[in-house]
J.: 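Here it is, the structure, as structure tokens.
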Amino acid sequence: SYCKPDFTEHPNCVRVNTESDACFEAAIGAGIVYDEDCEKSCVEVYDGCLNSFILWIGPLLVGFCLFALSFVCTFMRASTTEK
């Protein structure tokens, strides 16, 4: 369910003694923590992941749809006559 790293262009970014883990971690409060022999360009193993883009664009699209719907509802409102 999580985004898997792609090591085809960065084979040196695999964590030692593992086959599927990157050589860095994202730690809360500490940012990105790199292993001893890990280059900063290793974050590119996650370039193919769309999870963060979907999490970012979702609320933006919902907000835009609600904004557009408010105009549609304003113009579709039934006209009433006041006495």
J.: What class does the angle between the rings of Phe75 and Phe71 fall in, given that below 30° is parallel, 30 to 60° is tilted and above 60° is perpendicular?
T.: parallel
J.: Any side-chain hydrogen bond (donor to acceptor under 3.5 Å, both in side chains) pairs touching residues 60-72, not counting sequence neighbours?
T.: none
J.: Measure the distance from the SG of Cys23 to the SG of Cys38 and say whether it is below 2.5 Å.
T.: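 Judged by the SG atoms alone, which are under 2.5 Å apart, Cys38 and Cys23 are bridged.
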J.: Keeping to residues at least two apart or across chains, list the side-chain hydrogen bond (donor to acceptor under 3.5 Å, both in side chains) pairs with something in residues 16-27.
T.: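 As it turns out, the side-chain hydrogen bond (donor to acceptor under 3.5 Å, both in side chains) pairs with a partner in residues 16-27, which skip direct neighbours, are Arg15-Glu25.
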J.: Assess whether side-chain contact (heavy atoms from CB on, under 4.5 Å) is satisfied between Glu44 and His10, documenting all intermediate values.
T.: CA-CA 8 Å; Glu44 294 174 4; His10 301 283; 2.9 Å; yes
J.: Ignoring hydrogens, what is the shortest heavy-atom contact between Val43 and Phe24? Give both atom names and the distance.
T.: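 Heavy atoms only, the tightest pair is CA-CZ, 3.7 Å.
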J.: Check Asp47, Val45, Val14 against Pro5 for a side-chain contact (heavy atoms from CB on, under 4.5 Å) and give me the one that passes.
T.: Val45
J.: Output all residues satisfying side chain to side chain contact (heavy atoms under 4.5 Å, CB included) with Glu39, sequence neighbours left out; order by chain, then residue number.
T.: Asn12, Ser41, Cys42
J.: Provide the closest heavy-atom pair for Ala22 versus Tyr46 in the form atom of the first, atom of the second, distance.
T.: CB-OH, 4.1 Å
